[in-house]
There are 2 protein chains.
Amino acid sequence: MPDLKVEQPKSLVAIVEERLRNAIVDAEMRLGETLSEEALSEALGVSRTPVREALARLQLQGLVTIVPKKGTFVFAPTEEDVSELCVFRYMLETQALRECMSKARGPALAAMKDALAAMEAAQAGGSRRDYARADTVFHEVFFQHCGNRYLGNAYRGVSGRVAALRTHLSVPLEGEQERSMAEHHLMVEAFAAGRLADLDSILHRHIMRAWDAYADVLRSGEVRG
Amino acid sequence: MPDLKVEQPKSLVAIVEERLRNAIVDAEMRLGETLSEEALSEALGVSRTPVREALARLQLQGLVTIVPKKGTFVFAPTEEDVSELCVFRYMLETQALRECMSKARGPALAAMKDALAAMEAAQAGGSRRDYARADTVFHEVFFQHCGNRYLGNAYRGVSGRVAALRTHLSVPLEGEQERSMAEHHLMVEAFAAGRLADLDSILHRHIMRAWDAYADVLRSGEVRG
DNA sequence: TTCCTGTATCTTGCATACGGACTGGAGATC
DNA sequence: GATCTCCAGTCCGTATGCAAGATACAGGAA
């Protein structure tokens, strides 16, 4: 018998969650913005129940903050937050890369090259949002091939924030995107060559430079509602 | 004016979540056991809504599995699961210890000693459940003092599973608890002396030995409902 | 003016109702 | 006896209603 498996239609909760997540990550909403369950449910054309459940999930991903009886707000990171997030992210990514290299070097490399191509395409296309998305995909590759689901889950738990910061706080600095591309190229090269130490240091520099940029923007206070 | 701040009564969701979590972690429920939202809500004396929300949170902690339209089940780890979990746990704990040592050595050491004392008390008292709980607290200390909330969150995301395995899969092997105590003592000593490399290797041995024990029990198949 | 207070209106927390999807078993059919 | 079909029971997904806390603001008292 052929494989006739049908995919289940997504639940409303899943749809709402994805929609809201995209709205936050793609900067359709401002950091700190107030969200009302009722307003959202009306805007989305569903009842409050799935909205509420989706918001609860997003809270666990750190994308919104729910204050009892007051309201729900898009997350608003402090400088310290961003710093800790970067440190944590570096820890996860470096570990994931280590696992990738020892367990699934070939497939991981191929996927990284694909993602890199997508980044180049986005850069050529000139859309900052597309570039940020491709960047996100690139880093997700590490976790798809690391062979440890818990590592991947942990990353998923912060990837929303990372991606959101990328979109909200990235400023089109002179040559910034070019430097980012160059670093990604270097990472792929180091990975292909199996130079783990180099890879670590590039990744560290890459993430910490991003942190600098974010911190600058945060200090300038331009992103608050 | 004196400080008269009142603590907010916990929400029903939080209460239900904690209650269910304890029930799973303390092995009041069997691994793989079926949970019905309605049955739970009746047993707990609340409506399905908070139960449902609590179950969703527990799913994100990996303590239950929700199958759409079918039911909710207490998690049932495979041998592979446990292996990946141990690897991941070692990664997190070793990183947390590193941060503790460089940022909050004194307080962390004090807290570890307290936890150790509690473990000894539990051992003297002879309750396996109390010992397992104290063990859990000991390892949580690392994350309370590591100064990185994301690291702590990531641990919270798996600590339920870790704690549950401790209770479900630990068998009172000859001298097992004594060996565990000895290892914890060694860890505290190494931490106090600032011997990070030793600490790492003790921790690694400690976790991997636990893994061995769990795997044995899993293979024997005694824990399934 | 300044401060307090009552109230209108917002928010979420929780309970409940209904319908669709799944499961297991009794009975019919071959 | 084996297999199919139908049906009742159970579960979840979603919508809706009500209660209670939080907030903002108008209006009165000092």
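Each chain gets a letter, A, B and so on, in the order the sequences are listed, and its residues count up from 1. No hydrogens, no waters, no symmetry mates; every other heavy atom, side chains included, goes into these values.
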Quick check for you: name the first and last nucleotides of DNA chain D, 5' to 3', having an atom under 4.0 Å from a heavy atom of chain B. dC11(D) to dA22(D)
Rounded distance in Å - [atom1] ([X]) to [atom2] ([N]):
X: E53(B); N: dT12(C); atom1: CD; atom2: P; value: 12 Å
X: E38(B); N: dT16(C); atom1: CD; atom2: P; value: 11 Å
X: I66(A); N: dC10(C); atom1: CD1; atom2: P; value: 21 Å
X: L12(B); N: dA15(C); atom1: CG; atom2: C1'; value: 11 Å
X: Q59(A); N: dG13(C); atom1: CD; atom2: C1'; value: 14 Å

Look at all strands and tell whether L35(B) reaches a base, only sugar-phosphate, or nothing, counting heavy atoms closer than 4.0 Å. sugar-phosphate
Are the charged groups of [X] and [Y] less than 4.0 angstrom apart, N to O?
X: K103(A); Y: E99(A); answer: yes
X: E38(B); Y: R48(B); answer: no
X: D216(B); Y: R219(B); answer: yes

Residue closer to the 5' end of DNA chain D, V13(A) versus K69(A) (nearest nucleotide):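 So the residue in question is V13(A).
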For F142(B), enumerate each residue passing the ring-ring contact (aromatic ring centres under 6.0 Å, His included) test, keeping only those at least two apart in sequence or located in another chain.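 With sequence neighbours excluded, F142(B) shows a ring-ring contact (aromatic ring centres under 6.0 Å, His included) to F138(B), H139(B), given in chain and number order.
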Under the criterion side chain to side chain contact (heavy atoms under 4.5 Å, CB included), which of L20(B), I15(B), N22(B), V16(B) is the partner of E18(B)? N22(B)
May I ask you to evaluate whether R52(A) reaches the phosphate of dT12(C), defined as a side-chain N or O under 4.0 Å from OP1 or OP2?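 So the side-chain polar atoms of R52(A) never come under 4.0 Å of the phosphate oxygens OP1 or OP2 of dT12(C).
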Heavy-atom distance under 4.5 Å between the side chains of E140(A) and Y155(A), does that happen here? yes
Are the side chains of H168(B) and R30(B) in touch, meaning some heavy atoms are under 4.5 Å apart? no
Considering all heavy atoms of both residues, which atom of L12(A) and which atom of P50(A) are nearest to each other, and what is their separation?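 For L12(A) versus P50(A), the nearest heavy atoms are CB-CB, 4.0 Å.
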Quick one: sort the H184(B) and H206(B) rings into parallel, tilted or perpendicular, breaks at 30° and 60°.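 Answer is perpendicular, since the angle exceeds 60°.
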Among residues 41-51 of chain B, which contact DNA chain C at a heavy-atom distance under 4.0 Å? V46(B), S47(B), R48(B), T49(B), P50(B)
